[in-house]
> 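Once you've had a glance at the structure underneath, I'll fire off some questions.
First listed ligand is number 1; within each ligand, the first listed atom is number 1. These numbers come from the heavy atoms of this one structure, side chains and all, not from hydrogens, waters or symmetry mates. Everything numeric here is computed off the predicted structure, so don't read it as measured data.
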Amino acid sequence: MLRSTTLQRLRPAVFRVQRWNSTTTSAPKPSTTHSDIVVVGGGPAGLTIAAALKHYPETVNKSVTLVEFGSLDNLKTWGPDMERFENRVSSLTPSSVEYLTKIGVWEHVNRDRVQAYRHMTAWDGVSGSKVQFNTTQLMGEGRDIAYMTENFNLQNGLLKQLANKPNLTILDKTKVEGVERTPESHNKPLVKLSNGSTISTDLLIGADGANSPVRTFSGIEARGWDYNTHGLVATVRLANEQQSAWQRFLPTGPIALLPLPNRFGSLVWSTTPKMAAQLKQLTPEQFVMMVNCAFNLEPTDIEYLVEHPDEIMTDAPYRLSQRSSNPDVPCPIVAVQDKSRASFPLKMKHADTYIAENVALVGDAAHTTHPLAGQGLNMGQGDAQSLAIAIRNAAGRGADIGSTLTLEPYWADQYFKNHKLLGVVDKLHKLYSTRNPLVVGLRSLGLDAVNSVKPVKDFLMSQAS
Ligand SMILES: Cc1cc2nc3c(=O)[nH]c(=O)nc-3n(C[C@H](O)[C@H](O)[C@H](O)COP(=O)(O)OP(=O)(O)OC[C@H]3O[C@@H](n4cnc5c(N)ncnc54)[C@H](O)[C@@H]3O)c2cc1C
């Protein structure tokens, strides 16, 4: 049973508003304008909630201001070059795509740059045990597992859908520098911008990423830990066209290769910060060789070669040639796109609550997760959908869109769902980050069992989608 202190932590943070309020004294300045809703953050989550609000008749006339610190110019003018793919790519689940279609966004996403896949192989890099998903066998013909999409492609589609919407202001190159509440603002948030202006609002939505200033300003705690692992991403060129996803669990972290159109692939190699730095320093030829090694050689060989880069081009081809041919690994990688290697520290973090009076958090502002299950952005899409519906319902009956009563259905809908997923992903990461023979034996038994029991596979696939 949950202890009462835990319950208090999980309840919407209505009780925190007084503390936040008490630090402020200034009255609204003459430059203060009002916007019914202010969204902070022009990432996938912020743009999706704005697009959803502008979709529903009940909310389309609400004034919405979206504030983004960075420039959106590159996103707006982003033109497709089929010989280059961005390195920030996400696998969108069918449910995410279904909602994006419903709110009119998916038709603006460049489909030539989206790769659907129906096969997925994940295997244990220590024992070799594997699980394979094939939706054409499991869920019937025509079901895709996910859709690989550059984050830029999605954001570009969202901006196209938002173009010329009524009562919408997008302020990019503008930073939210503070949020206060005063008696004059009736305790509602006053959002202070870097351009010197202030916006008063009925609902402040924090879609401002993992270090969310809105979360901090509203006194909502977030708990979790660093994995002491970096996610190295790169765009690679494959020897053949691929429509399958591959993930090998190495003791240093999983390496995943996901298909993109035109023989491109998106690589996410989660590993130690030291190894990520070493991999980024390799020449393109050495890097390509190391990626092929990572899908084929023993973990100790991989670690040895990364430590001895001078031996990669001489030693690795011999070691690879000694492996018997295996149909259950991806086809060889033949090139890495220049300037596409980058790495990000990986963390698990979950906010104590997603809502306070006149405040809601969505996307990475509310939760961050290890990329091994490809769910971070999808969770943000689920948040945006659920929050937009809660606001729509309140607006439809003329209720206060910022009250915790309005926002509570969103919190109730998403919090525990996300909490469960964060927990599963965290346990998977820990389970596969060990070489302990007992744990390796048990996890391999589990993987083999999943692989051989169709109803279990069906269930897992439906959950993942
Ligand atoms: C290596 C890696 C691989 C991943 N792969 C997948 C995958 O396959 N599938 C998946 O679903 N997810 C994946 N994810 C997770 C996914 O990338 C994130 O969950 C998602 O991008 C978060 O989107 P967001 O809009 O919530 O936040 P962000 O994209 O971080 O956007 C937040 C925005 O807020 C702005 N901002 C911050 N502070 C301020 C301020 N004070 N004023 C104004 N603006 C501000 C920032 O400039 C930023 O643009 C992956 C993550 C990593 C690291």
> Less than 4.0 Å between atom 38 (N) of ligand 1 and some protein heavy atom, yes or no?
yes
> With only distance considered, is K175 within less than 3.5 Å of ligand 1 through an N or O on each side?
no
> Non-hydrogen atoms of M148 versus ligand 1: any pair closer than 4.0 Å?
no
> Return the orientation label for the W123 and W246 ring planes: parallel under 30°, perpendicular over 60°, tilted otherwise.
perpendicular
> Between S96 (side chain only) and P94 (backbone N and O only), is there a donor and an acceptor less than 3.5 Å apart?
no
> State whether the shortest distance between N or O atoms of G42 and N or O atoms of ligand 1 falls below 3.5 angstrom.
no
> Can you tell whether the side chains of D352 and R215 come within less than 4.0 Å, N to carboxylate O?
no
> Please say whether the positively charged group of R248, taken as NZ for Lys or CZ for Arg, lies over the ring of F295, i.e. under 6.0 angstrom from the six-membered ring centre and within 45 degrees of the axis.
no
> Who's closest to atom 4 (C) of ligand 1 heavy-atom-wise, of G70, A384, P371?
P371
> For ligand 1, which is the ligand I care about here, please tell me if A45 has any N or O atom under 3.5 Å from one of the ligand's N or O atoms.
yes
> What protein heavy atom is closest to atom 5 (N) of ligand 1, reported as residue, atom name and distance in Å?
V89 O, 3.8 Å
> Going by heavy atoms, is T174 under 4.0 Å from ligand 1?
yes
> Quick test: of every protein heavy atom, which one is nearest to atom 31 (O) of ligand 1, and how far off is it to 0.1 Å?
G43 CA, 3.6 Å
> May I ask you to identify the nearest protein heavy atom to atom 40 (C) of ligand 1, giving residue, atom name and distance to one decimal place in Å?
V176 N, 3.8 Å
> May I ask you to check if R88 and F152 form a cation-pi contact, with NZ or CZ under 6.0 angstrom from the six-membered ring centre and within 45° of the axis?
no
> Would you call the rings of Y415 and Y354 parallel, tilted or perpendicular, taking 30° and 60° as the class edges?
tilted
> Please determine if G374 has a nitrogen or oxygen closer than 3.5 Å to a nitrogen or oxygen of ligand 1.
yes
> How about Y227 and H429: are their ring centroids closer than 6.0 Å?
yes
> Got T65 and T33 here, is their nearest side-chain heavy-atom distance under 4.5 Å?
no
> Enumerate the atoms of ligand 1 whose separation from the nearest heavy atom of G363 is less than 4.0 angstrom.
26 (O)
> List every atom of ligand 1 that sits less than 4.0 Å from any heavy atom of P213, numbering the atoms from 1 in the order shown and giving each element.
38 (N), 41 (N)
> Pick one of side chain, backbone, both or neither for how S90 approaches ligand 1, counting any non-hydrogen atom pair under 4.0 Å.
both
> Does any N or O atom in P44 lie less than 3.5 angstrom from one in ligand 1, N or O only?
yes
> Checking T406 side chain against G402 main chain: does a donor-acceptor pair fall under 3.5 Å?
no
> For ligand 1, is any non-hydrogen atom under 4.0 Å from M379's backbone (N, CA, C, O), its side chain (CB onward), both, or neither?
neither
> What are the atoms of ligand 1, with element, lying closer than 4.0 Å to any heavy atom of E68?
33 (C), 34 (O), 35 (C), 43 (C), 44 (N), 46 (C), 47 (O), 48 (C), 49 (O)
> Does S185 reach the main-chain N or O of K188 with its side chain, forming a donor-acceptor pair under 3.5 Å?
yes
> Provide, to 0.1 Å, the distance between atom 1 (C) of ligand 1 and the closest protein heavy atom, together with that atom's residue and name.
V233 CG1, 3.5 Å
> Of the side chain and backbone of S91, name the one, both, or neither that has a heavy atom under 4.0 Å from an atom of ligand 1.
both
> Taking N or O atoms only and a 3.5 Å limit, does G41 qualify as a polar contact for ligand 1?
no
> Of all the heavy-atom pairs spanning V288 and I333, show the shortest one and how long it is.
CG1-O, 3.1 Å
> Considering only protein heavy atoms, which is closest to atom 36 (N) of ligand 1, and at what distance to one decimal place?
D208 CB, 4.0 Å
> May I have the step-by-step check of side-chain hydrogen bond (donor to acceptor under 3.5 Å, both in side chains) for D413 and S386, ending in yes or no?
CA-CA 7 Å; D413 196 21; S386 171; 2.9 Å; yes
> Distance under 4.0 Å to a non-hydrogen atom of N378: what atoms of ligand 1 satisfy this?
11 (O)
> Does Q132 reach the main-chain N or O of T121 with its side chain, forming a donor-acceptor pair under 3.5 Å?
no
> With a 4.0 Å heavy-atom cut-off (strictly under), which part of L377 contacts ligand 1: side chain, backbone, both or neither?
both
> With no hydrogens and no angle check, is any side-chain donor or acceptor of H34 less than 3.5 Å from a backbone partner on S200?
yes
> Answer yes or no: is there a donor N or O on one side and an acceptor on the other, between the side chain of N153 and the main chain of N110, under 3.5 Å?
yes
> State the atoms of ligand 1, each with its element, that fall below the 4.0 Å cut-off from a heavy-atom position in G209.
27 (O), 30 (O), 32 (C)
> Taking the non-hydrogen atoms of A207, is any one of them nearer than 4.0 angstrom to ligand 1?
yes
> Return the CD to CZ distance between Q242 and F264, rounded to the nearest 0.5 Å.
14.5 Å
> For V40, which part has a heavy atom under 4.0 Å from ligand 1: side chain, backbone, both, or neither?
side chain
> How far apart are the C-alpha atoms of N151 and S90, what are their side-chain angles, what is the distance that settles it, and do they pass the side-chain hydrogen bond (donor to acceptor under 3.5 Å, both in side chains) test?
CA-CA 6 Å; N151 292 5; S90 295; 2.8 Å; yes
> Within the 4.0 Å heavy-atom shell around D364, which atoms of ligand 1 are there?
18 (C), 19 (O), 22 (C), 26 (O)
> Nearest protein heavy atom to atom 45 (C) of ligand 1, by residue and atom, and its distance?
F69 CB, 3.7 Å
> Within the 4.0 Å heavy-atom shell around R88, which atoms of ligand 1 are there?
17 (O), 50 (C), 51 (C), 52 (C), 53 (C)
